[in-house]
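First the structure, in the form of structure tokens, and then the observations on it.
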2 protein chains.
Amino acid sequence: MKETITSDELLTVLEALSNPYRLKIIAILYGKKQYVSELARELGISRPLLYMHLRKLEGAGLVQGHLELSESGKAMKYYELNSFSIPLNDQFIAQTAINLMIKRRKE
Amino acid sequence: MKETITSDELLTVLEALSNPYRLKIIAILYGKKQYVSELARELGISRPLLYMHLRKLEGAGLVQGHLELSESGKAMKYYELNSFSIPLNDQFIAQTAINLMIKRRKE
DNA sequence: TTCATATGTAATAATTATATTACACATGAA
DNA sequence: TTCATGTGTAATATAATTATTACATATGAA
């Protein structure tokens, strides 16, 4: 629903999307929510690794998670896909990246 | 000018765009070509590092380089920006990433 | 109680990505 | 010849990302 995007936000989104597992996660979550353990099984990866990927996607605002209580009373963490739309073309990137501050990697 | 894009190509483009210097390069090359040494000066980075970034952009098809002879007869390598347009939204990524093969990192 | 399932994280290892330094070689101009 | 400029890469160091292992804790069902 946001209309504007800063250069930093653009970079964060692009970094979040630059991994095959994270693209797969988006494909799986498209249209239906899923909980973490089942998602890990569908991807064939461990839960700690999945958490790392989900954090990057959530940090970029592309997905979001919430706890739900199952019928049997167990806590389940479900993730769902947020809708987003960024025009990835040369002009848009050029205009957005003008204000990009490049920070040092480390302290 | 391409109308279709495979999941592998999408990932390659997203990886190419997931770095601040490479976004900056696109901003600089937008509308005007530039040669490598001058580009390195504008970015404030070394030529070897710039070559590395340019190779990723060129590998994704976002820029292309060619040699030119300057008036004085020196070989200059110019890079220019290709036009491209990818609809970066949840539905497009989900549909494209379905056919994504995740390869092992190593042999 | 024991088993199968779930969430959540800390510590560490393995692999890539990023960045620097030091070269070689070529041209034109002073 | 020497200096300033250009292209191009090999070797290496540094930092970030990705991935694994090992935990702790909780619930429901058999």
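- When the nucleotides D:dT7, C:dA6, C:dG8 are ranked by their closest atom to the side chain of A:M76, C:dA6 comes out on top.
- Placement of B:V36 and B:M76 in two distinct hydrophobic clusters is found when ILVMFWY residues are connected by side-chain heavy-atom separations under 4.5 Å, directly or transitively.
- If you take CD of A:Q34 and P of C:dT7, they are 10 Å apart, rounded to a whole angstrom.
- Remark: B:E68 pairs with B:K33 by the salt bridge (Lys or Arg N to Asp or Glu O under 4.0 Å) rule, at least two apart or across chains.
- You'll find the side chain of A:D90 stays beyond 4.5 Å of the side chain of B:L29, heavy atoms only.
- Atom-to-atom, CG of A:L39 to C1' of C:dA6 comes out at 14 Å; the value is rounded to the nearest Å.
- When side chains are defined from C-beta on, B:Y30 does not count as touching A:I98, because their heavy atoms never get closer than 4.5 Å.
- Side-chain contact between A:L17 and B:L10 is absent, with no heavy atoms from C-beta onward closer than 4.5 Å.
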Can you give me every donor-acceptor pair (side chain of residues 50-60 of chain A, partner residue at least two apart or in another chain, under 3.5 Å) with its distance?
unit_1: A:H53; atom_1: ND1; unit_2: A:R22; atom_2: NH1; d: 3.0
unit_1: A:E58; atom_1: OE1; unit_2: A:Y79; atom_2: OH; d: 3.4
unit_1: A:E58; atom_1: OE2; unit_2: A:G65; atom_2: N; d: 3.1

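- The separation between B:Y35 atom OH and D:dG8 atom P is 14 Å, rounded to whole Å.
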For this session: Using the side-chain contact (heavy atoms from CB on, under 4.5 Å) rule, take A:L62 and A:N82 through it: C-alpha gap first, then chi angles, then the decisive distance, then the call.
Result: CA-CA 5 Å; A:L62 302 178; A:N82 291 331; 5.8 Å; no
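- With sequence neighbours left out, B:T4 forms a side-chain hydrogen bond (donor to acceptor under 3.5 Å, both in side chains) with no residue at all.
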Please report, to 0.1 Å, the donor-acceptor pairs under 3.5 Å made by any side chain of residues 39-47 of chain B, with sequence neighbours excluded.
unit_1: B:R41; atom_1: NE; unit_2: B:E38; atom_2: OE1; d: 3.1
unit_1: B:R41; atom_1: NH2; unit_2: B:Y35; atom_2: OH; d: 3.4
unit_1: B:R41; atom_1: NH2; unit_2: B:E38; atom_2: OE1; d: 2.9
unit_1: B:E42; atom_1: OE2; unit_2: B:Q34; atom_2: NE2; d: 3.0
unit_1: B:S46; atom_1: OG; unit_2: B:L49; atom_2: N; d: 3.4

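- If you take CG of A:L69 and C1' of C:dT7, they are 12 Å apart, rounded to a whole angstrom.
- Residues near B:M101 contribute nothing to a hydrophobic cluster around it, because no ILVMFWY side-chain heavy atom sits closer than 4.5 Å to its side chain.
- Contact annotation: A:K77 side-chain N/O to C:dA6 OP1/OP2 distance is not under 4.0 Å.
- Computed from C1' positions of five pairs at each end, the angle between the two local axes of the helix from C:dT1-D:dA30 to C:dA30-D:dT1 equals 10°, rounded to 10 degrees.
- In this structure, the CG atom of A:L67 is 9 Å from the P atom of C:dT7, given to the nearest Å.
- Under the salt bridge (Lys or Arg N to Asp or Glu O under 4.0 Å) criterion, A:K32 pairs with no residue at all, not counting sequence neighbours.
- Residue A:I102 contributes atom CD1, which lies 13 Å from atom C1' of C:dA19 at whole-angstrom precision.
- For B:S85, the side chain to side chain contact (heavy atoms under 4.5 Å, CB included) partners at least two apart in sequence or on another chain are A:N89.
- Residues from residues 8-25 of chain A lying near DNA chain D, meaning a heavy-atom separation below 4.0 Å, are A:N19, A:Y21, A:R22 in numerical order.
- Of the residues in residues 40-59 of chain A, A:R41, A:R47, A:P48, A:Y51 come within less than 4.0 Å of DNA chain C through at least one heavy atom, sorted by number.
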Check nucleotides 25-30 of chain D against the protein and report each pair of N or O atoms closer than 3.5 Å, with its distance, or say if there are none.
unit_1: D:dT27; atom_1: O2; unit_2: A:K74; atom_2: NZ; d: 3.4
unit_1: D:dG28; atom_1: OP1; unit_2: A:S72; atom_2: O; d: 3.2

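- By the side chain to side chain contact (heavy atoms under 4.5 Å, CB included) test, B:I102 pairs with A:P20, A:Y21, A:K24, sequence neighbours left out.
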